[in-house]
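Both backbone and side-chain heavy atoms feed into the values below; hydrogens, waters and symmetry mates do not. Convention: sequence-line order gives letters A, B, ...; per-chain numbering from 1.
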Amino acid sequence: MTDSTILLLAIFIPAGVTFLIAALGSRPNLRDGASVLAAIATFIAVLTLLGPVMEGARPEVALFEVMPGLLLAFSIEPLGMLFAVVASGLWIVTAVYSIGYMRGAGEKKQTRFYICFAIAISGALGIAFSANLFTLFIFYEILTISTYPLVAHKETPEARKGARTYLAILMTTSIAFLLVGIVWVWNIAGTLDFRAGGILDGKLDPSFAPFLLALFAFGIGKAALMPFHRWLPAAMVAPTPVSALLHAVAVVKAGVFTMLKVGTYIFGVGFLSKTGASDWLIWLAAASILIASIVALTKDDLKARLAYSTVSQLSYITLGMALANQMGVIGGSMHIATHAVGKITLFMCAGAIYVAAHKTKISELDGLGRKMPITFIAFTIAALSIIGLPPMGGAWSKWYLMLASADAGQIAIIGVLMLSSLLNVAYLLPIPARAFFAAPSARPAHSLGAAAAPGDQIEEAPLFCLVPICITAVGCIVLFFAIGGLYEFLLHIPILPETTP
Amino acid sequence: MEEIVFDFGFVLTHYNYWMFVVLMMTGLYITVSRGNLVKKVVGLNIFQTAVFLLYVSMGKIVGGTAPILTGEPGTVYSNPLPHVLILTAIVVGIATTALALALVVRIRETYDTIEEDEIIALELAMDTTAKASAAGSER
Amino acid sequence: MLAMIEANLPALQVVLPMLAAPICAMLGRGARAWALTMVAVLLAFAVAVSLFVATLDGTIISYRMGNWAPPIGIEYRVDILNAFVLLVISGIALFVLPYARASVAHEISEERQPLFYSAFLLCLTGLLGVTITGDAFNIFVFLEISSLSTYALIATGAERNKRALTAAYNYLIMGTVGATFFVIGIGMLYMITGTLNLADLAQRIAEHGDSRTLRMGFVFILIGVGLKLAMFPLHLWLPNAYSFAPSAVTAFIAATATKVAIYVLLRFMFTVFGFDYDFQAATLRHVVLPLAIVAMFAASIVAVFQDDLKRMLAYSSIAQVGYMLLGLTFLSHTGLMASVIHLFNHAVTKGALFMVAGCYIFAAGTSSISSLRGIGRDMPWTTAAFVVAGLSLIGLPLTVGFVSKWYLVLAALELNWWPVALLIMASSLLAIIYIWRVVETAYLQPAPEGVVRKEAPLWMLLPTWGLAALSVFFGTYAALTTAAASRAASALISASNMLWQ
């Protein structure tokens with residue numbers, strides 16, 4: 001099989017497996033098995049591509065021409081490869097976790113859930129491999145639409161309201177800003193291909209560059225840059241596997257990935273730093289980092305706190321792009337991987353706590369650490385990674401982002417990053433601290449859930465939930481030691497235009 | 001030379017167009033202002049007839065006869081084309097009037113009135129009852 | 001024999017359905033009349049296809065009716081633009097008819113059905129005639145044939161709701177006023193030029209230059225046609241007419257009647273008056289452009305607050321007409337292309353949506369949105385078609401709506417009309433609101449108890465899905481439509497460049 005065939009396979013296995021899942025709807029075991037197998041197959045396909053791409057191959061495939069000059073085409077470069085590996089790898093973990101969660105929590109309409117989930121992964125891989133902005137936009141919207149039923153899964157009025165906010169913000173930003181930006185690029189550059197060094201240099205009047213960048217920065221709503229971040233907390237009404245994979249990995253990372261991609265391959269880092277078009281974005285991203293962290297402090301709902309933490313962490317990556325130097329791009333891309341592994345662990349822990357103890361509030365977690373030690377140890381590891389302490393992977397991405405700030409001469413940003421780490425400590429560490437060290441609440445009937453599962457009967461979540469959590473928690477540590485290879489790989493992201501004529 | 005602000009001669013020699021304008025506006029006004037559905041149709045007819053006049057007078061040439069070949073050289077004929085066109089337009093107009101009146105008959109049968117304001121009141125009442133029943137079924 | 005048919009294709013296009021109409025009225029039974037209509041429509045479609053193929057390379061077919069030479073005789077003149085429109089009209093008829101069988105049998109009593117089909121054929125005749133003829137007065141005659149039969153068709157909705165009668169009456173009054181305005185305009189042009197042949201008119205107007213009479217003629221024609229195409233604020237007849245007409249009629253006229261009026265406007269503006277007619281350009285920019293934008297917003301906002309699905313779609317149509325008019329006002333190749341593409345795209349999309357509304361009426365007896373709660377489960381296929389066509393109306397990629405939006409925004413950006421580009425996108429966000437309101441009601445709300453709703457019959461579903469599928473197909477392979485539209489726009493521009501030199 002050629003690389004291009006594998007590329008298409010990777011995108012279409014998840015899409016194709018939906019038919020199988022639909023057909024097996026009445027047999028849950030087979031259906032869930034199919035979903036896990038598809039995840040493994042997709043991951044293998046992506047891994048097969050990883051080798052050639054590391055050696056410098058750039059598999060390409062053009063499917064067909066949608067409008068004159070606008071091709072539905074895929075090609076792989078290091079950044080996309082990284083995103084694809086992260087998304088498809090964590091899909092396996094989540095697929096296993098979903099089985100435990102969905103059955104444990106007794107969710108309805110599981111077939112629809114798995115179908116939409118697979119389509120969403122297909123969309124994420126399509127985004128990762130797209131060869132031009134047009135293809136990227138198509139899969140971006142596919143991702144939006146396919147995740148809507150997942151957010152609205154519970155069909156309660158709150159779920160409907162949350163899903164409405166979710167769809168409204170993502171669609172509004174993508175159609176009102178992103179699409180206009182894309183058409184603008186097409187109008188002045190005559191192409192939408194991602195090219196090393198960007199396609200706008202010499203074509204765009206530098207005084208307009210900040211405006212075009214603004215169309216992209218706000219148009220890519222999935223990057224949750226403030227003030228268009230409201231959809232992410234709203235999406236937390238979804239079942240936890242959705243929050244875990246989609247709203248910590250696939251969807252939000254698709255957003256920041258698009259941001260990085262636009263910065264590197266459309267504007268070009270050189271063009272951005274030369275014109276200073278992204279200076280304003282540095283400050284907006286910094287503000288977004290701090291404000292979201294402070295808001296996270298005030299949230300008592302565990303998932304809401306994690307959601308705001310995500311908003312804050314996503315802005316790190318936007319910041320990496322806005323700093324407009326190589327270190328920034330590398331740090332940003334690295335953060336895609338490290339934050340993904342860390343945050344998915346946190347979300348899966350939150351889900352495990354919900355399944356095992358029916359608790360969603362941080363204030364109810366007192367003393368739970370002794371009943372669910374594995375869950376909370378994993379939570380602690382992941383939290384440390386998000387904060388950025390060695391020996392967790394998160395330490396490295398923050399390190400490179402600080403280097404990038406220094407390179408760009410933005411000393412104040414280093415301060416922001418450090419302050420943000422402190423805030424991370426403040427909003428993440430109290431959670432395991434309460435669970436391990438606080439005495440169990442004296443009022444067991446505080447919530448309905450506690451009444452259903454009296455305090456002394458709480459035990460660890462099902463094995464299907466627990467194993468994925470352990471895997472990703474270990475992943476946080478592994479990333480710390482494996483970072484050299486990742487760094488080498490990310491150095492291949494072309495920053496300068498190709499010199500060959 | 002001063003510009004002629006109001007050329008009386010021009011107005012007089014083009015009186016046919018003035019007639020057209022007056023008739024047209026009369027017809028349009030009746031169509032818009034009358035509440036009686038039949039009167040509206042009457043207004044529409046006057047409006048259309050005005051246009052017929054416009055066309056017919058446009059094709060008339062001073063001193064011209066009906067466009068029938070007489071064999072004499074030098075005969076001035078009126079332009080037959082607009083006249084023929086207006087025959088078609090008249091047919092269209094009759095068809096429109098017939099259809100409109102047929103509709104009025106049906107409206108009279110179902111609504112028991114041909115006054116626009118009464119019909120609107122009836123339809124408003126229909127709307128409110130429909131909404132009330134929809135609201136009732138929701139409970 | 002074949003050669004004779006080929007030579008007389010333009011005449012056959014109109015004559016076939018016209019001859020079938022009276023025969024249809026004489027067949028006493030609905031089924032027989034339907035079969036005959038089907039045959040006539042099939043033939044008309046075949047003729048339209050062969051005309052389209054014949055003109056694709058830029059040939060202009062000129063046909064002398066009754067062998068009278070133009071400009072005295074009536075000329076049928078087929079170029080790529082009207083061949084395209086002919087194809088759209090007869091194609092939509094081909095989709096609507098199979099659908100009409102069950103829908104009409106449900107909504108109209110047996111003895112009236114032959115008359116219904118006869119009126120349908122007359123309406124088709126009129127629409128085809130308007131499009132194919134090259135004679136200004138002939139346009140009026142055909143316009144009235146189609147309008148009169150449309151009034152009758154709308155009035156047949158009285159068996160379900162007596163308000164169809166007043167809707168038809170009001171449409172008749174306004175439509176006749178519009179048509180008469182149109183005739184006055186033509187009279188003015190005739191006064192200046194002494195000809196009614198469109199090509200001849202164009203030449204003589206250009207020789208003659210601007211004059212007050214010409215301006216009056218232009219304005220009368222604009223208002224006359226504006227009434228027919230529901231140009232804001234001349235749209236008052238449309239919502240009631242579309243809401244209370246039988247479903248099949250609504251689907252047909254919504255997809256074709258306004259499109260034909262747009263065609264007439266295009267023809268007059270660019271073939272007769274010419275691109276460079278200053279007064280026209282000024283009117284378009286200062287009057288039509290603002291009106292189009294107001295229509296896009298006002299009608300969409302009103303649509304958001306409608307409870308009846310058909311009425312909501314009717315207001316949406318007024319907004320969509322705004323897009324088509326907007327394309328004209330750019331006075332550029334891309335702008336014209338956008339109009340022509342949207343003419344086709346909207347026909348397909350809105351046809352599908354109104355068919356879905358008809359299916360709901362057939363199965364649930366109502367198209368009131370509040371009574372559609374939970375209908376997504378009872379009628380999965382119909383509702384899925386609504387989602388697909390709805391996404392196209394919003395303008396998501398890989399649907400035809402996206403292609404239209406793309407070219408509209410591109411045309412605006414080419415002229416550096418920033419605010420207009422953003423307004424186009426902002427107004428399509430309103431489409432998200434009104435479409436999604438229905439989707440949410442249909443899928444996420446519990447069905448009312450004790451209501452039995454069955455999926456619509458196959459022969460209604462197939463055409464509905466056919467149009468919905470077309471809206472995806474031509475959104476994916478937009479090269480086909482864009483090529484046709486691009487050639488049509490070029491033809492209009494090159495024809496008009498020869499004038500006013």
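- Contacts between B/Tyr17 and chain C at a heavy-atom distance below 4.5 Å involve the side chain alone, from C-beta outward.
- Across B/Ile107, B/Val91, B/Val92, B/Val51, the residue that shares the most heavy-atom pairs under 4.5 angstrom with chain C is B/Ile107.
- Contacts of C/Thr166 with chain B are made by both backbone and side-chain atoms, with heavy-atom separations under 4.5 Å.
- Side chains of C/Lys162 and B/Met126 form a contact here, defined as non-hydrogen atoms less than 4.5 Å apart.
- Contacts from residues 176-186 of chain C to chain B, taken as heavy-atom pairs separated by less than 4.5 Å, involve C/Thr176, C/Val177, C/Thr180, C/Phe181, C/Val183, C/Ile184, C/Ile186 in sequence order.
- If you tally non-hydrogen atom pairs under 4.5 Å between each of B/Leu54, B/Leu122, B/Leu99 and chain C, the highest count goes to B/Leu99.
- With C/Tyr151 contributing its side chain and B/Ala100 its backbone, the two residues share no donor-acceptor pair below 3.5 Å.
- Between C/Phe137 and B/Ala89 the shortest heavy-atom distance is CZ-CB, 4.1 Å.
- Residue C/Arg215 qualifies as enclosed at atom CZ: its count of foreign heavy atoms under 6.0 Å is above 12.
- Shortest non-hydrogen contact noted between C/Gly187 and B/Tyr55 is N-OH, 3.0 Å.
- Shortest non-hydrogen contact noted between C/Tyr169 and B/Lys40 is OH-CB, 3.2 Å.
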Can you give the donor-acceptor pairs under 3.5 Å from side chains of residues 23-33 of chain B to other protein atoms, not counting sequence neighbours?
unit_1  : atom_1 : unit_2  : atom_2 : d
B/Thr26 : OG1    : B/Val22 : O      : 2.5
B/Thr31 : OG1    : B/Gly27 : O      : 2.7
B/Thr31 : OG1    : B/Leu44 : N      : 3.2
B/Ser33 : OG     : B/Tyr29 : O      : 2.8

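- Ranked by heavy-atom pairs under 4.5 Å with chain C, the first of B/Asn79, B/Thr96, B/Leu85, B/Val41 is B/Leu85.
- Residues B/Glu116 and C/Asn170 form a side-chain contact, since some pair of their non-hydrogen atoms from C-beta on lies under 4.5 Å apart.
- Taking all atoms of both residues into account, the shortest heavy-atom contact from C/Ala155 to B/Leu103 is CB-CD2, 3.6 Å.
- If you tally non-hydrogen atom pairs under 4.5 Å between each of C/Ile173, C/Leu165, C/Val141 and chain B, the highest count goes to C/Leu165.
- Counting heavy-atom pairs closer than 4.5 Å to chain C, the top residue among B/Ala102, B/Ala50, B/Pro82 is B/Pro82.
- Annotation for B/Met58 and C/Tyr190: closest pair SD-CD2, 3.4 Å, computed over non-hydrogen atoms.
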